[in-house]
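Scroll down for the structure; my scribbles are underneath it.
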Amino acid sequence: MADFAQTLMTTLAVGSLYALIALGYTMVYGILKFINFAHSDIVVLGAWISFTLTRWLFPAVGLDAHNPDSPAPPLWLGASILIAAVVACSLIGFVIERFAYRPLRKAPRLNVLITAIGVSLLLQNLGQLSFMFGPSPQKMPALLSNVELWRLSLPSSGGARNVVIGLVDVMIVGTSAVLMIALEFLVFRTKIGTAMRAVSYDLEASALMGIPVDRIISYTFMLGSALAAAAGFLYALKYPGLNQPAHTTWVLLGLKAFVAAVIGGIGNVRGAVLGGFVIAAVEQFGAYYLSSSYRDVYVFALLIAILLVRPSGLLGSTVREKV
Amino acid sequence: MTNVSTANRTAPNQASPTLLAVEGIGIRFGGLKAVDGFSINLPRRGLYGLIGPNGAGKTTVFNLLTGVYQTQAGRIFLDSRNLVGLKAHQVVAAGIARTFQNIRLFPGLNVLDNVQLAGQLHAREGLASTLLRTRRYAHEESEIRRKAFELLGLFGLQERCLEPATSLSYGHQRHLEIVRALAANPKVLLLDEPAAGLNSQEKLELAKSIRHIRDTFDLAILLIEHDMGLVMDICEQITVLDHGEVIAHGTPHEIQNDPKVIAAYLGADAATV
Amino acid sequence: MRKPNPDTPFDSPTPPRERGLLGTLANSAWPILLGIALAAALHYFWPLGPGWLYYKKVVLDVGIAIILAVSLNIVNGMTGQFSLGHAAFLAIGGYTSGIVTYYGSILLWKSTDLHGGVLGPGAWLFVFACLLGALVATAAGYVVGLPSLRLRGDYLAIVTLGFGEILRVVLQQTNPILSPDQLDSSSLKNWLPPPVGGAVGFNGLPTYTTLFWVYVFVALMLVVAFRLKRSSLGRAMISVREDEFAAQAMGVHVARVKVMAFMIAAFFAGLAGGLFAHESGLILRPLDAGFLRSLDYVIMTVLGGRGSISGVVLAATLLTVLPEYLRDFDQYRLIVYSLLLIGMMLLRPQGLFGIHEIWDWRPRWFTRKPQTRSPSNEKRGAA
Ligand SMILES: Nc1ncnc2c1ncn2[C@@H]1O[C@H](COP(=O)(O)OP(=O)(O)OP(=O)(O)O)[C@@H](O)[C@H]1O
Ligand SMILES: [Mg+2]
């Protein structure tokens, strides 16, 4: 019981991260019908930009990043770093779309996919250069002390055990929830959201109806990148040992988020959120109850099963290809 | 014109005059009944027409007949063989080949290869003999090539056989589509607007070629066409579709004077005037 | 100007005449015999001396890269599928053959040292192991090919990528390698999962990979690729790539063609894996199953031209040799690759040579401008 509750808490936190990242995949896929391979690298950028800013700003506010006993930084510091990372990544997302993807708007999808892989490689390896983030892993200073919020005593196989719910997990779930609700509002309640949905439904018809398609696509990329940056920031909070930008953990993180988008039904915003939590549950519970070495395997097994049984995902609708 | 062998076609079965029997097939896309209760009996060596306004469901009928879409009702028999449930490639093997309304040649293959492609339908040599280049394989390949080359002669495309398919003029591309379909050795040929985009001279020649093909290859042909002159000229029987339903069927003369057909083409008011 | 094209339709068909074994050999086996002769020449006339040893390794690597890139080109180039998991087949072939030679050598000869020369008993064990690895990879190719029947384009890319990554994770969990002494006392526990070294990699394999065997397999690969391209199956593959739907309407069994492409490609990747695993100075690691290594070969096919065998051979050679000379710039290598990919897609998406072979271009420079694709194939409405 205690183990279950603890795993559930992790699932919620990790699931929120997957959901945030999956949203970016799903929005771009919904509109341009291709996998934005570079999306996971925006997450990486978000994490590394947060790290860099933290390292700069800590001395500025009189803190020592290397001293574990130094007092916790003020909350506004974390918030402003989050905002800075979000803004920076939105701009990068805009630039990528404008210069790498827009010229290929009419090209076969495979070409766009290859370009996206190229952009992804480029971001990873630029990031690894020594004048950027460097080629070695780094430890993110704690922006938030992981205060114990609740302690529940739950029965477990070896007698009662404590389940600790910490501030970091709650912060991750809370921030993600706020962002997702904001996105939901944006997509379903505002004019821009309506235009986005129209473009995703039929790009050409929307253009004919006078919707500024290019601008809407730019917004979509910026929005997706903003969420990815937030995910990167939160990821660095939870897992302070940051791997270098071209490390495979990032590729896997992106892949899992993409799997989440597919499982939820690609193109479907609510599906991406659902998919994020499903993936996290499979991964965390599989890791806990079966074997943690194979956690990535469970996720892909689920992906393959879903694609074979219900290719349109849990919440997606089947589209028949017109010939 | 080249004399093309028709040797390996099954002998015509004189007992049943109907080659392709279609009964009440249909499909809906969401709420739209694209085709509903479509029937036709195409005899051996028949040359029938299928007409109707834009969006009437003509191409969808072809897609149903060729297994691209599975019919949701009714039956399709070719030479008393049931075709319902077959996949698209199996339907071709069974003997129905088609052309496309918007030309779909393979740009990466040259003219000859576009036609030779169908050779693999009847090829018997497997992967091993392909890779080993056995004599039998080489012979089969050269047979396929010879046949494809001969077929290209139908439209005088032989000199251009090594050029990329997309370098041909629009009219020639339409011809190549027909040749490519013929290479599959079909019993029934479905032509989807073969005259679209041709000038009147080319249309006349096309009409002649279509008749010629029917005669030399002993085929039944079902033709979708918007050019009424052409259809009335060469088709023996015409079926008219509107909103997915057959609204008339008969000889060109009957169709021309059918008020329902006139209404479908000109709008309901025109018919009563 | 133009060489007589063996495929001009103007030759009259010759009736099939049964020739004896020798006749068949002379007719159909000469390219591979020639390849073996060239490989032998390369092997025996390669200069000795420490300086040449380094170049030898480069030439070996080029050969292996050619096999991998040309085989991937059958799937990604000719058939138009998009696999991002080609390295997985390399790893499967490599690990399988490694198990055979490593433990086989211990069982047969009580040590993992080389046994005999280029054509000695050890080398034959190695060739057998490579073929076995290739067959296991083929079986995997069948399994990976199956999703390609339902998934298109980028979905397939993700599934193949996932396959490679899963394999990488699984390989990391394998048992440590057993030394000859440990082998006798090993129990089932040591063999499940197989003792192939886990995250460290499968080291200590006998280094049987020589110029001779690499280039024999390169010759085999090239003969198969060219014969395939100019065959019924090859045309069917290209038609699937160009327009799957129209291909089906021409009677092409699309599912079968795709799975065949995957299996043939996997076979050769598995073979190359065997060569890779037994090359001296290299250790086969779980990482070699993963995405980054697959990407190397994807870039070669994209650069060379999706479908052009000679173009891909050229690209594989260049992209293997150049980084050797740019060792100091290794951190920039992938940056250059990524810019190549992006630039290629923006400027020349069909690759350097498109689907053509290098020699196809010569006459065209004299006669006509290269063909531009007709717009009718880009956008499609209702058929
Ligand atoms: N795959 C599909 N999904 C949804 N609707 C479809 C599909 N295929 C066809 N339709 C619809 O079915 C109707 C009939 O289309 P079809 O292409 O058969 O018409 P047509 O008679 O060939 O017209 P045209 O003369 O313009 O070629 C149209 O309204 C079309 O939009
Ligand atoms: Mg039509």
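Only this structure's heavy atoms are used, side chains among them; waters, hydrogens and symmetry mates stay out.
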When you look at OH of A/Tyr289, are more than 12 heavy atoms from neighbouring residues, nucleotides or ligands closer to it than 6.0 Å? yes

Considering residues, nucleotides and ligands other than A/Arg102, do more than 12 of their heavy atoms fall under 6.0 Å from its CZ? yes

If you tally heavy-atom pairs under 4.5 Å against chain A, which of C/Gln172, C/Met344, C/Arg168 wins? C/Arg168

Assert top hit (heavy-atom pairs under 4.5 Å, partner chain A, pool C/Leu146, C/Leu161, C/Leu292) equals C/Leu161

Might you work through the side chain to side chain contact (heavy atoms under 4.5 Å, CB included) test for A/Ile117 and C/Phe82, ending with a clear yes or no? CA-CA 12 Å; A/Ile117 294 174; C/Phe82 197 73; 3.9 Å; yes

Please state whether the side chain, the backbone, both or neither of [X] comes within less than 4.5 Å of a heavy atom of chain A.
X        : value
C/Val336 : neither
C/Leu167 : neither
C/Phe163 : neither
C/Leu84  : side chain
C/Leu295 : side chain

For the [atom1] atom of [X] and the [atom2] atom of [Y], what is their distance to the nearest 0.5 Å?
X        : Y        : atom1 : atom2 : result
A/Tyr298 : C/Ile166 : OH    : CD1   : 11.5 Å
A/Phe300 : C/Ile158 : CZ    : CD1   : 7.5 Å
A/Leu255 : C/Phe291 : CG    : CZ    : 8.0 Å

Testing the basics here: between [X] and [Y], what is the closest heavy-atom pair and its distance to 0.1 Å?
X        : Y        : answer
C/Pro349 : A/Asn111 : CB-ND2, 3.2 Å
A/Gly118 : C/Ser338 : O-CB, 3.1 Å
A/Ser293 : C/Val169 : O-CG1, 3.4 Å
A/Pro103 : C/Leu346 : CB-CD2, 3.8 Å
C/Ala157 : A/Leu113 : CB-CD2, 3.9 Å

Between chain C and each of A/Leu126, A/Ile304, A/Val119, A/Ile114, count heavy-atom pairs under 4.5 Å; write down the option with the most. A/Ile114

Of the listed A/Asp296, A/Thr248, A/Leu303, the one with the largest count of heavy-atom pairs under 4.5 Å with chain C is A/Thr248

For [X], is it the side chain, the backbone, both, or neither that has a heavy atom closer than 4.5 Å to a heavy atom of chain C?
X        : value
A/Val259 : neither
A/Leu252 : side chain
A/Val251 : side chain

I'd like to know whether A/Leu122 forms a side chain to side chain contact (heavy atoms under 4.5 Å, CB included) with C/Ile335, so could you lay out the CA-CA distance, the side-chain angles of the two residues, the decisive distance to 0.1 Å, and finally the verdict. CA-CA 5 Å; A/Leu122 184 67; C/Ile335 295 181; 3.9 Å; yes

Are any of the side-chain heavy atoms of A/Gln124 and C/Leu334 separated by less than 4.5 Å? no

